[in-house]
Novice: 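First, the structure itself, so that you have it in front of you.
So you know, we letter chains A, B, ... as the sequences are listed, proteins then strands, and number each from 1.
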Amino acid sequence: MSLKDDLANIRDQALSEIKNVSDVSTLNQKIRVSFLGKRGKITKVLRDIKNLDPKERPEVGKYSNIVRNKIQDAVAKKNQELKQALLNQKLKDEKIDVTLPGSPVPKGSPHVIQSIIDHICDIFLGMGYQVLSGPEVEEEKYNFERMNLPKYHPARDMQATFYITNDILMRTQTSPMQARVLEKYDFSKGPLKMISPGIVFRRDNDDPTHSHQFHQVEGLVIDKNIKMSDLKGTLEYLIHQLFGDKFDIRLRPSYFPFTEPSVEVDMTCFNCMGKGCNICKNTGWIEVLGAGMVHPNVLKMAGIDPKEYGGFAFGLGPDRFAMLRYGVKDIRDFYLDDVRFLSQFD
Amino acid sequence: MKVSYNWLKEYLNLNVPADQLGEKIERTAVEVDSVTKHQDGLKKLVVGKVVSCEKHPNSDHLHVCQVDVNQDDLLQIVCGAPNVAAGEKVIVALPGSRIGNNVKIKRAKMRGVKSNGMLCGLDEVGFDRSVVPEKWLNGIYVFPDDAKVGKPIYHYLGMDDDLIDLDVTPNRGDMLSIYGTVHELAAIYDLKPDLNHPKVEENPKLNASDDISADVDKKIAPIYKLRVLKNVKIQPSPLWMQIRLWNADIRPVNNVVDITNYIMLKYGQPIQVYDLDKINNQKLLVRNARLNEKVETTDGDKVTLTDDDIVVADDQKPVALAGLTGLKGAEVDQNTKNIIFEAGVFSFVKVRKMAQRHSIHTGSSQRFERGVNHAGVNEALDAACEIEHRFTDADIEQGTVTASDIDAKPVNVDITLTRINRVLGLSLTMPEASNIFKRLGFGVEINDDQMSVSIPPRRWDIHIEADLFEEIARIYGYDNMPSTLPSGPTTIGKLTNKQKLIRRSRRILQDSGLTHAISYSLTTAKKANMFMMRKSYETKLKMPMTIDRSTLRMNLLSGLLDDVAYNQARGVDDVALYELGRVFYKDDEKQVRPNEVEHIAGVISGSLSIDTWNHKSKPVDFYQLKGIVDNYLDDLNLNGDIDYEATSDYPEMHPGRTANIYIHGHKIGFIGQIHPVIADKFNIKPTYAFELDLKTLIEMPKREQTADSVSKYPSISRDIAILVDKNVTNKEIVSAIQKRGGAFLNQVHLFDLYDGAHIPSGKKSMAYTLTYQDQHDTLQNEVVDKSMKKIQRDLKQQFNVTIR
């Protein structure tokens, strides 16, 4: 047998052992050492090279390098394979049930009415309005007198009032904020555009559709050139922003002592989208807010000349919006704070 | 007011379907509550003639009737009505019919006798008993003889008439009448109304002033008129008039009373009637009532009057509450022969106060409160007389006795076309605008851009320019108005810092797991006075509806505890809520209007998390809530140290588990466990709570945020474990450590606290990690060792600790 044959045998033996080995340490500590090590089989064979004819030596030498490289590559490749297998096994063992529930993160919910108020505020902020808030315990002067509701005015019937004294009361509407703002607004700073959200009170027994406490958002725009069509456009924009473009509004004549003309504003019924159902009494429309052009008396009483300035005002009820929007049947749900109810909204 | 479409058609050539008419009124004038017919939902009800009526063999009150309904055979119907008799024309519910209350009538046997239908009373075919004439209340209805056998009943009883129920706003009192509604519809549809006017045929031999005179206080009754009729015959009114009344929800009584109601419906002018012969001394007065004067209304209500009430009286007794209702004493009865019709205008304020004071609300009071047509009093009074004369051939005495009067004239309002278009955002031409006024029946004089509009007294709601804008807008139609947005100088819309902080507060607490609650501001006096963060007097309602809602809250927590109770009573034990709202403080008992102070409060009860497969929940504790509050206060970036100091000042809080919270030395609220006794009273599980003065938090100076550079040099951490007396607080130890720690001590972190087994009683084991850091150099171990020694020595000296 020639040395070359020996080398070929070694190569075959090594490759076969490498092929069959199944753990990293045997591969590296035993097989690699026994073939490639300083006292390994290839080294041993090469010791006999000196016995060869010098002419043959380079060829055998070259061949031995080929064999060595081959074995080295095989070991490296096998190492890679075994590591991968090991990793695969590890990953397999680490498998979890991804369908188990995640760890809960504590999370509170916003109050649905607050969310609606915030939404409304954001819409008007975008149109250059300021957001103002007024006292909940109000003077009769602002709540009624300045809003053009003198004593014994029939419209006061609509607003059963909690009085504290003869002159002090729980505000029945956010409208007194109109009087308060108008009284001190400096028109040299530009047009007045404001909304005022807040809690109001009525002397009512609580039942599914009445609450002695609820919310309102008042709106007021006063400048030299405000038109009633601006009111219509503004409310249309509000409804589109709040609920979507599919919802239309319509204006109907109504009566509020502090606006003239006064309108009631209906919007497309949420329930039937205008087709007519029992919620909208088959009209396709539901009443959502009251509005109008600010009554000249209100301006006059605030020291503003109605010939020079004028504008519109509106008042809407977030409670009613929420009831209609989400199909809430009982207004008391908003104030009992049942967490199962509140956590439905986010 | 329910308006009869048939009645309207008498004066107006209208042919639109009733529901369209209702829609049009709603969009142009006033709200329409409903458009209905009495016959809605009824089926197979016909006029029948009782041919024979025999006693039922097995009953002492039933009758067996053979009824002709214009079919091949007579119908045998068993009837229990006391007034059934042969020869009568009656309401027959045929087999398979539907009567009132959605009741179906089938063939049946009654005590062994076949009954093929039912004979009905008016209430049984759907009329409310309050409008059924007394005569027909306890039996079946009997038609006048001209009713045709076999025909449906509806037309005979006005049940096919469309009734449009108007919800009239306070300014449109004119529409509480047929004539007012006719004028309105004439304008809407651009029609000419065909109104009739009464022609009174007076008996020249009789003079009203011989029989009656009147003296009134003009402030109470600015218009007051009387007419006298003699030889009236009290009897039921003709059916057509009864129908007009019951279709307007008014019960027919007799021809005289019915006429007063009919006139009120037609003209909107209330009319009162008195029996002339019951008036003492032939004189009527309108005066203030006497204090505690006792009277009884014609409806039988006993009323004790005040001296602010107003009455019509003779020289002995009140005969009417002016503008409200008649009284017993001069009322018309079966034997009445001579009557006085009264028409007037009474002070709306007085009528309104009187109606409210005595809770007597009538068609008359409703109309006076909203105003009546000052120019229409005479016509209404004359019309009443004319009809009475027509019905009973009564003698109308000559002359109207007038005690007070107002010469009501049209009101002129000047307006320009430019203003109309500018205010409404329209582009009407002069003919368009002036035509709207003409349709409304207003006079118009045009001069260039200017219009002088003359408004008749029947529209007393219109007296300024803005009122005319409304007339134009609604008749022109809001649907035809364009949608625009305000033009003019730009304004900046943004939240104030305060508003931003409030929104931020909500966000932080929600992200910490608390849900936003809104509870009631009005509560019981007891709850209002709980959890007081400062001294304050309470604010009470003058006339609360219930004790539960009688006092303005001075804390938010009591409301939140109600919420916790509400949830836990419904099996929801884990409750975490916060509220942001106002409390109402009064510094002085005499202060009328309270100061409104924004607070923020939170409660946690049960557990903050639920048991899951990988995590066991823990009951809520002080430190969970303190963590939430810490996190919140930290986020507010307050410029000042936050301190918690144990307090037992709150009777509603656990005395050993409550702390006042200070920021830079200012008390801003408290945190702790609800006192177990209070928790018991609210019926809630152990609950932790905090309440803070949000107003002060918002106003407090905030830290300017600046960035500190992160040190490039490594830090050194050392742990120290000590055994210390139980009553030494963490704060005391930490501040001692910080005091002695030297310049490089950067952080003190408590990582263990233990007082269980192997710890001597009265002691606890605490372990801290101290982190040292030099910003400018690598820290030497020796420096840290030195600092640690100082700390240990100091702790030993101060607190007698054992270093472990």
Novice: Specify whether B:H516 and A:H111 have parallel, tilted or perpendicular ring planes, treating 30° as the upper limit for parallel and 60° as the lower limit for perpendicular.
Specialist: perpendicular
Novice: Which residue in the set A:I164, A:L169, A:N166 passes side-chain contact (heavy atoms from CB on, under 4.5 Å) when paired with B:K542?
Specialist: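 Exactly one candidate clears the test, A:N166.
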Novice: Heavy-atom distance under 4.5 Å to chain A: side chain of B:R507, backbone, both or neither?
Specialist: neither
Novice: Is it the case that the side chain of B:T484 and the backbone of A:G233 share a donor-acceptor pair, with hydrogens and angles ignored and the cut-off at 3.5 Å?
Specialist: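 Looks like no, no N/O pair under 3.5 Å.
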Novice: Return the NE2 to CZ distance between A:H212 and B:R549, rounded to the nearest 0.5 Å.
Specialist: 5.0 Å
Novice: Where on A:S211 is there a heavy atom nearer than 4.5 Å to chain B: the side chain, the backbone, both, or neither?
Specialist: side chain
Novice: In terms of heavy-atom pairs under 4.5 Å with chain B, which of A:M293, A:K107, A:K227, A:E260 leads?
Specialist: A:E260
Novice: Need one label for A:M170: side chain, backbone, both or neither, based on atoms under 4.5 Å from any heavy atom in chain B.
Specialist: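 Interface part for A:M170: side chain.
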Novice: Has A:K232 got a side-chain atom pairing as donor or acceptor with B:Y478's backbone, closer than 3.5 angstrom?
Specialist: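 Checked: pair present.
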Novice: Against chain A, label B:A29 side chain, backbone, both or neither, depending on which of its atoms sit under 4.5 Å from a heavy atom there.
Specialist: backbone
Novice: For A:D204, is it the side chain, the backbone, both or neither that has a heavy atom under 4.5 Å from a heavy atom of chain B?
Specialist: backbone
Novice: Rounded to the nearest 0.5 Å, what separation is found between the CG atom of A:L132 and the OG1 atom of B:T496?
Specialist: 9.0 Å
Novice: Between A:Q213 and B:L522, is there a donor-acceptor pair closer than 3.5 Å when you use the side chain of the first and the backbone of the second?
Specialist: no
Novice: Select one option (side chain, backbone, both, neither) describing which atoms of A:P104 are under 4.5 Å from chain B's heavy atoms.
Specialist: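 Looking at A:P104, just its side chain touches chain B.
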Novice: Could you tell me whether the side chain of B:D563 and the main chain of A:D337 form a donor-acceptor pair under 3.5 Å?
Specialist: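 No; judged by distance alone, with no hydrogens or angles, the pair does not exist.
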Novice: Please flag which part of A:F312 lies under 4.5 Å from any non-hydrogen atom of chain B: side chain, backbone, both or neither.
Specialist: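 Contact with chain B is through the side chain of A:F312 alone.
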Novice: Compute whether any side-chain donor of one residue and acceptor of the other, for B:N614 and A:S103, lie under 3.5 angstrom apart.
Specialist: yes
Novice: Might you point out which heavy atoms bring B:P482 and A:S229 nearest each other, and give the distance in Å?
Specialist: O-CB, 3.1 Å
Novice: Grab the two heavy atoms, one from A:E264 and one from B:E31, that are nearest each other, plus how far apart they are.
Specialist: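 Shortest heavy-atom contact: OE1-OE1, 4.0 Å.
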Novice: Output the option from A:E287, A:R250, A:E236, A:K189 having the highest count of non-hydrogen pairs under 4.5 Å with chain B.
Specialist: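 Heavy-atom pairs under 4.5 Å are most numerous for A:R250.
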Novice: Tell me, side chain or backbone of A:I168 under 4.5 Å from chain B's heavy atoms, or both, or neither?
Specialist: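 Contact with chain B is through the side chain of A:I168 alone.
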Novice: Measuring heavy-atom distances to chain B, does A:D338 have an atom under 4.5 Å in its side chain, in its backbone, in both, or in neither?
Specialist: both
Novice: Any heavy-atom pair between the side chains of A:I199 and B:R582 that's under 4.5 Å?
Specialist: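 Heavy-atom side-chain distance check fails, nothing below 4.5 Å.
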Novice: Rounded to the nearest 0.5 Å, how far does CZ of B:R474 lie from OG of A:S254?
Specialist: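 The OG atom of A:S254 sits 12.0 Å away from the CZ atom of B:R474.
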Novice: Check each atom of A:D206 against the heavy atoms of chain B and say whether the ones under 4.5 Å are side chain, backbone, both or neither.
Specialist: side chain
Novice: So how far is it from A:M228 CE to B:M481 CE, rounded to the nearest 0.5 Å?
Specialist: 5.0 Å
Novice: Taking all non-hydrogen atoms of both residues into account, name the closest pair between A:T234 and B:P486 and its distance.
Specialist: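 Scanning both residues completely, I find the closest heavy atoms to be OG1-CD, 3.7 Å.
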Novice: For A:P101, is it the side chain, the backbone, both or neither that has a heavy atom under 4.5 Å from a heavy atom of chain B?
Specialist: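 For A:P101, heavy atoms of backbone and side chain both lie under 4.5 Å from chain B.
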Novice: Please answer whether the main-chain N or O of A:V131 pairs with a side-chain N or O of B:Q499 as donor and acceptor at a distance below 3.5 Å.
Specialist: yes
Novice: Please give me the minimum heavy-atom distance between B:R593 and A:V137, naming the atom from each residue.
Specialist: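 Minimum heavy-atom separation between B:R593 and A:V137: NE-O, 3.0 Å.
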Novice: By a 4.5 Å heavy-atom criterion (distance strictly below it), what part of A:P296 contacts chain B: side chain, backbone, both, or neither?
Specialist: side chain
Novice: Taking side chain as everything from C-beta outward and backbone as N, CA, C, O, which of these in A:V105 sits under 4.5 Å from a heavy atom of chain B? Side chain, backbone, both or neither.
Specialist: neither
Novice: Nearest 0.5 Å, what's the OG-CG distance between B:S483 and A:D230?
Specialist: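 Atom-to-atom, B:S483:OG and A:D230:CG are 10.0 Å apart.
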